Amino acid sequence: SGSRGGGNSWNAENFRKWCRMKMGDGETVYWYISGDLYEYPTGRLLAKVEGVDLARGMTESPDTIVHQLSRKFFIFRDPDTGAVLTEFDGS
């Protein structure tokens with residue numbers, strides 16, 4: 001396994017740390033998401049996006065297998081007006 005980003009290797013300890021950050025340590029973790037949605041390959045801005053991600057980790061094997069249980073909720077907004085989109089391109 002090679003090194004990336006400052007020479008840190010991906011190993012069991014880093015895996016555990018990443019899982020705790022992303023999915024918590026038995027408790028639910030809440031993430032807020034915001035950004036832009038672009039069409040590929042034109043690059044046209046389709047919508048502004050906001051959302052939440054609720055995640056909880058279920059450990060099967062601490063060094064190799066952790067399952068993420070999660071729920072995500074997103075709102076898509078018109079890029080010009082900010083209004084919540086209920087349809088796109090007429091449907």
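Just so you know, these numbers come straight off a predicted model, no measurement behind them.
- Side-chain heavy atoms closer than 4.5 Å link hydrophobic residues (I, L, V, M, F, W, Y) into clusters, and following such links, even through other members, never connects Val49 to Val52.
- The heavy-atom pair separating Val29 from Met21 by the smallest distance is CG1-O, 4.2 Å.
- For Arg77 against Val84, the heavy-atom pair with the smallest separation is NH1-CG2, 3.7 Å.
- Once rounded to the nearest 0.5 Å, the distance linking NZ of Lys48 with CG of Asp36 reads 4.0 Å.
- Taking CZ of Arg16 as the start and CG of Asp25 as the end, the distance is 11.5 Å to the nearest 0.5 Å.
- Considering all non-hydrogen atoms of both residues, Trp10 and Trp18 come closest at CH2-CB, 3.7 Å.
- Side-chain contact between Phe15 and Val66 is present, with heavy atoms from C-beta onward closer than 4.5 Å.
- Residues Leu37 and Phe88 share a single hydrophobic cluster, defined by chaining ILVMFWY side chains whose heavy atoms lie under 4.5 Å apart.
- Rounding to the nearest 0.5 angstrom, the gap separating the NE2 atom in His67 from the SG atom in Cys19 is 11.0 Å.
- Between Ser70 and Lys72, the shortest heavy-atom contact is OG-NZ, 3.4 Å.
- A pairwise comparison of heavy atoms in Trp31 and Lys22 identifies NE1-O, 3.2 Å as the closest pair.
- Both Phe74 and Leu85 sit in one connected hydrophobic cluster of ILVMFWY residues. Membership requires side-chain heavy atoms under 4.5 Å apart, directly or through other members.
- When hydrophobic side chains of Ile, Leu, Val, Met, Phe, Trp and Tyr are connected at separations under 4.5 Å, Tyr38 ends up clustered with Leu45.
- Cluster annotation: Met23 and Tyr30 are assigned to distinct hydrophobic clusters (Ile/Leu/Val/Met/Phe/Trp/Tyr, side-chain heavy-atom contacts under 4.5 Å, transitive).
- In plain terms, the two heavy atoms of Arg56 and Thr28 that are nearest each other are NH2-OG1, 2.8 Å.
- Listed by chain and number, the residues in a salt bridge (charged side-chain N to carboxylate O under 4.0 Å, His left out) with Glu39 are Arg44 (sequence neighbours excluded).
- Between Thr86 atom OG1 and Asp78 atom CG the span is 10.5 Å, to the nearest 0.5 Å.
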